[in-house]
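What follows is a short report on a single structure.
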Amino acid sequence: MKRFFVTTPIYYLNGAPHLGHYYSTTIADILARYHRKNGAGAFFLTGTDEHGQKVAEKASLVGLSPQAFTDELSTEWKSTWQNLDISYDHFIRTTDDYHTAFAQEVIHRLRENGAIYEKEYDALYCVGSESFVSKSELREGGLCPDHDEEPQIVNEKNWFFKLTDYKDQVRRLIETDVLEIKPQSRKNEVLEMLRSPDIQDFSVTRERVTWGIPVPFDENQTIYVWIDALFNYMSALIHSQGIETSERDIQDIIKDITDIWAPDVQILGKDIVKFHAIYWPAFLLALGLNETQLPKKLLVHGFFVSGGRKMSKSLGNIVTPQSVSAEYDQIIGASRGNDVLRYYVVIEMMIGNDGDVTPERIQEVYQSDLVNKIGNTYQRVLGMARKYDLLTTRMAPEKQEKLAQAIQHKSQAYMNQQDLYGYVHYCLDLTGEIGRGIELVKPWELAKNGQDDELKYHLSKWLTALEIIADLWEPIMPASAIEMKSLLAGNQGMLFPRIS
RNA sequence: CGCGGGAUGGAGCAGUUUGGUAGCUCGUCGGGCUCAUAACCCGAAGGUCCCAGGUUCAAGUCCUGGUCCCGCAACCA
């Protein structure tokens, strides 16, 4: 059976992780955890994108070599994810030796397959920003949008990728959902792009970018960062599985990784749709993969704003995952604060739309959902179980099994669509059903009237249900799911304490 | 006509792909309960689904035109 392969973008190393990165990574983490528990296993890949002129500039600003700079930052990223209990299976750095070697092999093979060609062209180059600008970006008077100076025309010879040879095929794959793009609006957007004349052959090597992977057959050039970046999804997998690639046909290599390749779901933000939906499949086809070996689904999400405004340092409305997590660690009194944020981002942001995040909203959701609904329901049932000495009672195994299957069947339908919002609401509904059941049954009256058998019957049902629900919560709130089970096993404690 | 996102009861949001009684959370009001974290349950009020046309037996949902907000300036997913 093939393992579920989920990826996040690799994050560009020009700063510390923020909420947006956290969101992508957490969605991937939830999917991975779910499939490890309920499916044929998972392979969860994340990492850092370390090449490019911007990184080199930033490094020199702080007086470090690019390598030393990225060593430091990528370590920080890695430890951030580890502290937030992100269960990645592999963390790739694009400066890793195996990756640079693979990227070189990729461009070499693209050349052998006739997918790239040399071309001389005139480009506009702004000295002030040390970057190329396109004509459409120019301000009135032909000035660089950032520097108010006139860009110079430079002549460069680069290697160009024959995107025009593949765009029709890619469009058909997207139209027929062989390559699925979610949500629908993003799919439409990509199809629109593919019809536009702007989608042309483009340069995949650079002369002026020195902090990059050298083109093996052209010593003046480095590989365009997007070839470098996108192929992380493949190089990381190949490396992690210990597969040898040199002197081997691409189909032959694929054979060795079919238990994981191709990606089932690739998480990405709306700003990098074009690269993942158009360039990436085109590159893979050019490399010699067939249509069934392409990524299955791109899940495109929106951005977070805070209080309706874009988060910015000057507005002082930045919400960082580390601070929220630490704040709720204090409140809960265990290292489960991160679960609160995990829950929040899932419930707040429909995948695809922008989401709003403020400390007030997080607190509101914590109080109403986690404290009043979930925490309180566990407390109610456990309180009665203790009082009536029925803590260890459960439904008969075969009945338990039946109930679990019915619940898993429904929850699975949501998860297979990556509908985390629907999944969480289903979990909440189940919890609410128990609450309403208690009102209906009135166990306290049963106890008063000495109807012990009936009391035991209902409590066994609720306790069993809570155990099954704890399993459902595990991908969303891993640490809290463990606490739920510990409480059900008879340990004392409070799941989600109220904020006083 | 640069590109994209949005407009649904007081607030925040689902629902629009595949048209068919307008739904959720919070808030408000009334009632109930006591197993529980002043939690929980029941009920009620509150909506021209931005506007104007159109298609249809039927439109929040499809079509046409318009209005108003918000991103595209790197702390960018």
query: Rounded to whole angstroms, how far apart are CG on A:Leu13 and P on B:C76?
result: 11 Å
statement: Rounded to whole Å, the CG-P distance (A:Asn376 to B:A38) equals 8 Å
message: What is the distance, to the nearest angstrom, from the OH atom on A:Tyr414 to the P atom on B:A14?
response: 16 Å
query: When you compare B:G46 with B:G23, how far apart are their P atoms, in angstrom units rounded to a whole number?
result: 14 Å
- line: Expected string for nucleotides 23-34 of chain B under the B/S/- scheme (protein heavy atoms, under 4.0 Å, primed atoms plus P, OP1, OP2 as sugar-phosphate) is --SS-----BSS
task: On RNA chain B, check which nucleotide each of A:Gln379 and A:Gly435 is closest to and give me the residue with the more 5' one.
output: A:Gln379
Rounded distance in Å between the P positions of B:G20 and B:C26: 27 Å
- prompt: Distance from A:Tyr224 atom OH to A:Ser203 atom OG, nearest 0.5 Å?
  reply: 8.0 Å
query: Given the P atoms of B:C3 and B:C49, what is the spacing between them in whole Å?
result: 29 Å
query: With sequence neighbours left out, what residues match A:Tyr88 under side chain to side chain donor-acceptor pair (under 3.5 Å)?
result: A:Gln82
message: In this structure, how many angstroms lie between the P atom of B:U17 and the NZ atom of A:Lys297, rounded?
response: 18 Å
- prompt: Say you pick atom C1' in B:U28 and the same atom in B:G10; how far apart are they, in whole Å?
  reply: 9 Å
task: Would you classify A:Tyr12 as touching base, sugar-phosphate or nothing, given that sugar-phosphate means primed atoms plus P, OP1 and OP2, and contacts are heavy atoms under 4.0 Å?
output: sugar-phosphate
Whole-Å gap separating C1' (B:A36) and CD1 (A:Ile438): 8 Å
task: Run the salt-bridge test on A:Glu467 and A:Arg394 with the 4.0 Å N-O cut-off and return the result as yes or no.
output: yes
message: Tell me every residue that passes side chain to side chain donor-acceptor pair (under 3.5 Å) with A:Ser323, counting only those two or more places apart in sequence or in another chain.
response: A:Thr320
Proximity to the side chain of A:Arg186 - top-ranked nucleotide from B:U37, B:C76, B:G4: B:G4
- request: Sticking with atom C1', work out how far B:G9 lies from B:U48, rounded to a whole angstrom.
  value: 12 Å
- prompt: Are A:Glu445 and A:Lys448 ion-paired here, with the side-chain N under 4.0 Å from a carboxylate O?
  reply: no
- prompt: Picking from B:G4, B:U37, B:C75, which would you name as closest to the side chain of A:His18?
  reply: B:C75
Inter-residue atom distance A:Leu459.CG - A:Leu391.CG, 0.5 Å rounding: 9.5 Å
Candidates B:U37, B:A36, B:A77 - which lies nearest the side chain of A:Ile272: B:A77
- request: Sticking with atom C1', work out how far B:A52 lies from B:C70, rounded to a whole angstrom.
  value: 24 Å
message: Whether A:Arg342 and A:Asp29 form a salt bridge (side-chain N of Lys/Arg under 4.0 Å from carboxylate O of Asp/Glu) is what I want to check.
response: yes
task: Would you indicate what A:Lys187 reaches in the nucleic acid, counting non-hydrogen atoms under 4.0 angstrom: base, sugar-phosphate, or nothing?
output: nothing
Among B:A36, B:A77, B:U37, the one nearest A:Ser24 by side-chain distance: B:A77
statement: Which of B:C41, B:G5, B:A77 is nearest the side chain of A:Arg436? It is B:C41
- request: For B:C29 and B:C75, measure between their P atoms and round to the nearest Å.
  value: 46 Å
field: Note: A:Lys187-A:Asp177 ion pair, threshold 4.0 Å (strictly below)
entry: yes
query: Quick one: A:Leu370 CG to B:A39 P, roughly how many Å, whole number?
result: 15 Å
query: So what does A:Tyr22 hit on the nucleic acid, given a heavy-atom distance under 4.0 Å: a base, only sugar-phosphate, or nothing?
result: nothing
Comparing A:Gly375 and A:His21 on RNA chain B - which has the more 5′ nearest nucleotide: A:Gly375
message: Under 3.5 Å for both donor-acceptor distances, Watson-Crick or wobble: does B:G60 have a partner, and if so which one?
response: none
query: Using 4.0 Å as the upper bound for N to carboxylate O, is an ion pair formed by A:Arg436 and A:Glu433?
result: no
- request: Find the distance A:Glu189:CD to B:C72:C1' and express it as a whole number of Å.
  value: 11 Å
task: For A:Gly20, report the nucleic acid contact type (base, sugar-phosphate, nothing); a contact means any heavy atom under 4.0 Å.
output: base
- prompt: When the distance from CZ of A:Arg386 to C1' of B:U37 is rounded to whole Å, what number comes out?
  reply: 13 Å
message: In whole Å, measure the gap between the C1' atoms of B:G60 and B:A7 for me.
response: 12 Å
